[in-house]
*Asks:* 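Here it is, the structure in full.
Both backbone and side-chain heavy atoms feed into the values below; hydrogens, waters and symmetry mates do not.
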Amino acid sequence: MRIAVVGGTGTLGHRVTEELRSRGHEVRVLSRRSPDHPVDLTTGAGLTAALAGCEAVVDASNSRSSTKDAERTLVDGTRNLLAAERAAGVGHHVCVSIVGCDRVPLGYYKVKTAQERAVTEGPVPWTVVRITQFHELLGEAFTALGRFRLLPVPRARLQTIACADAARAVADTAGQPPRMGRIEVAGPETVDTRDLARTWRSVTGRRALQLPVPLPGAIGRALRAGGLTTAGPDARGTLPFADWLAQQTARVRPGTA
């Protein structure tokens, strides 16, 4: 198949691109900085040419600069993308989203929920792939905070997944007919963020004081109750956070476990 990956240079997008190519698909990487297929979701520039002849589109685009910018990229941009897909005859739109985005009242999650609505009400057959948080993003957050020797950690239940595991599930979906429904992809275990922070300190050997951070209100209640997790995912990753972290640490420090 010829498949376009929007945001194909991002954390998930480039792994989806590699996975699809390893399966023999022809992949077009669409992004603002793509040398071959530069596009701008907010204006629709470049989309018509980039999507010509594509059978499926994986939208792994992202924007976290502000809620307003995220809405322009993910909601308005999705509508521009879907209009271009319809004109190009694309038969399957795969929207990458977040498990529990409609249960946790954060601004970015509200935007992701609105993006899903644009897809489900749009003109192109679709599948929404909801994924839990990535090991990679959690590891980056702990590393950034650990530079100050402090780990302020709010209490939450998470079900993190290796990005490579998530990419395989997205590639599986893109190669199949549209479901006209949602599927959920999650990590192999549900763990409290405080335990994840302790794991990070233990595996990396970094010294950082762990500080509890209270999250009041509806957001805190939703996170503590496991609003970003799922008991019965359609696909489940196999690599726990501790094992993933050990692999990353060994790459940084060759010869260590």
*Asks:* I want to check something: taking the side chain as every heavy atom from C-beta on, are E85 and P123 in contact at a cut-off of under 4.5 Å?
*Replies:* no
*Asks:* As a quick check of understanding, evaluate side chain to side chain contact (heavy atoms under 4.5 Å, CB included) for N80 and L41, giving each step before the final call.
*Replies:* CA-CA 7 Å; N80 291 334; L41 289 178; 5.9 Å; no
*Asks:* Please answer whether the main-chain N or O of T127 pairs with a side-chain N or O of R182 as donor and acceptor at a distance below 3.5 Å.
*Replies:* no
*Asks:* Sub-3.5 Å donor-acceptor pair from the side chain of T229 to the main-chain atoms of G226, do we have one?
*Replies:* yes
*Asks:* Please give me the minimum heavy-atom distance between T67 and G107, naming the atom from each residue.
*Replies:* CG2-O, 4.0 Å
*Asks:* With rounding to the nearest 0.5 angstrom, report the CG to OG1 distance, N62 to T73.
*Replies:* 9.0 Å
*Asks:* Are the side chain of H14 and the backbone of G10 linked by a donor-acceptor contact shorter than 3.5 Å?
*Replies:* yes
*Asks:* So, the side chain of R79 versus the backbone of A118: is there a donor-acceptor pair under 3.5 Å, distance only?
*Replies:* no
*Asks:* Give a yes or no answer on whether the side chain of D234 reaches the backbone of E184 with a donor-acceptor pair at less than 3.5 Å.
*Replies:* yes
*Asks:* Looking only at non-hydrogen atoms, find the nearest pair between G237 and P188 and report the distance.
*Replies:* O-CB, 3.3 Å
*Asks:* Does this structure show an ion pair linking R2 with E55, if we count only N-O contacts that are shorter than 4.0 Å?
*Replies:* no
*Asks:* Does a salt bridge link E116 with R130, judged by any charged N lying under 4.0 Å from a carboxylate O?
*Replies:* yes
*Asks:* With distance as the sole criterion, is a donor-acceptor pair present between the side chains of S61 and D59 under 3.5 Å?
*Replies:* yes
*Asks:* Quick check against the 3.5 Å criterion: does D192 have a side-chain atom that pairs as donor or acceptor with the backbone of R157?
*Replies:* no
*Asks:* For A56 and A174, work out which heavy atoms get closest and say how close.
*Replies:* CB-O, 4.1 Å
*Asks:* As an exercise, state the distance from SG of C101 to OH of Y108, rounded to the nearest 0.5 Å.
*Replies:* 9.5 Å
*Asks:* Check step by step if side chain to side chain contact (heavy atoms under 4.5 Å, CB included) holds for L138 and F241.
*Replies:* CA-CA 9 Å; L138 191 66; F241 179 68; 4.1 Å; yes
*Asks:* Is it true that the side chains of T160 and Q133 contain a donor and an acceptor less than 3.5 Å apart?
*Replies:* no
*Asks:* Are V213 and L151 co-members of a hydrophobic cluster defined by side-chain heavy atoms under 4.5 Å apart?
*Replies:* no
*Asks:* Using side-chain heavy atoms (C-beta onward) and a distance below 4.5 Å, is Q159 in contact with R236?
*Replies:* yes
*Asks:* Are side-chain heavy atoms of T132 and L158 found at a separation under 4.5 Å?
*Replies:* no
*Asks:* Output the distance between atom CG (D76) and atom OG1 (T42), rounded to the nearest 0.5 Å.
*Replies:* 8.5 Å
*Asks:* For the backbone of A52 and the side chain of R28, can you confirm whether one donor and one acceptor N or O come within less than 3.5 Å of each other?
*Replies:* yes
*Asks:* Say you draw a straight line from OG of S97 to OH of Y109; how long is it, rounded to the nearest 0.5 Å?
*Replies:* 10.0 Å
*Asks:* For residues V124 and M1: do they belong to one hydrophobic cluster (side chain heavy atoms under 4.5 Å, members Ile, Leu, Val, Met, Phe, Trp, Tyr)?
*Replies:* no
*Asks:* Measure up the W244 and H135 rings against each other and bin them: parallel (under 30°), tilted (30 to 60°), perpendicular (over 60°).
*Replies:* tilted
*Asks:* Output yes when a side-chain donor or acceptor of R103 lies under 3.5 Å from a complementary backbone atom of G227, and no otherwise.
*Replies:* yes
*Asks:* Look up atom OG1 in T199 and atom CG in L245, then write down how far apart they are to the nearest 0.5 Å.
*Replies:* 8.0 Å
*Asks:* Do you reckon I131 sits in the same ILVMFWY cluster as L196, going by side-chain contacts under 4.5 Å, direct or chained?
*Replies:* no
*Asks:* Should T173 and I183 count as side-chain neighbours, where that means a heavy-atom distance under 4.5 Å?
*Replies:* yes
*Asks:* I need the minimum non-hydrogen distance between A235 and A169, along with the two atoms involved.
*Replies:* CB-CB, 4.3 Å
*Asks:* Taking the side chain as every heavy atom from C-beta outward, state whether T143 and R147 have any atom pair closer than 4.5 Å.
*Replies:* yes
*Asks:* With the 4.5 Å side-chain cut-off for hydrophobic clustering, are V128 and M180 part of the same group?
*Replies:* yes
*Asks:* Just verifying a value: how many Å separate I3 CD1 and L20 CG, rounded to the nearest 0.5 Å?
*Replies:* 4.5 Å
*Asks:* Salt bridge between D195 and R155, side-chain N to carboxylate O under 4.0 Å?
*Replies:* no
*Asks:* Can you get from L51 to V6 by hopping between Ile, Leu, Val, Met, Phe, Trp and Tyr side chains that sit under 4.5 Å apart?
*Replies:* yes
*Asks:* Quick one: are L30 and V5 in side-chain contact, heavy atoms under 4.5 Å?
*Replies:* no
*Asks:* Which pair of non-hydrogen atoms, one from V16 and one from A167, has the smallest distance, and what is that distance?
*Replies:* N-CB, 3.8 Å
*Asks:* Are any of the side-chain nitrogens in D172 or R23 under 4.0 Å away from the carboxylate oxygens of its partner?
*Replies:* yes
*Asks:* Determine, stepwise, if the pair V58 / V170 fulfils side chain to side chain contact (heavy atoms under 4.5 Å, CB included).
*Replies:* CA-CA 8 Å; V58 174; V170 173; 3.7 Å; yes
*Asks:* R21 versus E18: any side-chain heavy-atom pair under 4.5 Å?
*Replies:* no
*Asks:* Apply side chain to side chain contact (heavy atoms under 4.5 Å, CB included) to R32 and D40, showing your working.
*Replies:* CA-CA 6 Å; R32 287 185 176 182; D40 188 335; 3.5 Å; yes
*Asks:* Taking the six-membered ring for Trp and the single ring otherwise, decide whether the centroids of H93 and W126 are under 6.0 Å apart.
*Replies:* no
*Asks:* Please examine the side chains of V185 and P233, heavy atoms only from C-beta on, and report whether any two atoms are closer than 4.5 Å.
*Replies:* no
*Asks:* Can any side-chain N or O of T193 pair as donor or acceptor with the backbone N or O of P154 at less than 3.5 Å?
*Replies:* yes
*Asks:* Mark yes or no for whether Q210, through its side chain, and R194, through its backbone, hold a donor-acceptor pair below 3.5 Å.
*Replies:* yes
*Asks:* What heavy-atom pair brings T17 and G8 nearest, and what distance separates the two atoms?
*Replies:* OG1-O, 3.8 Å
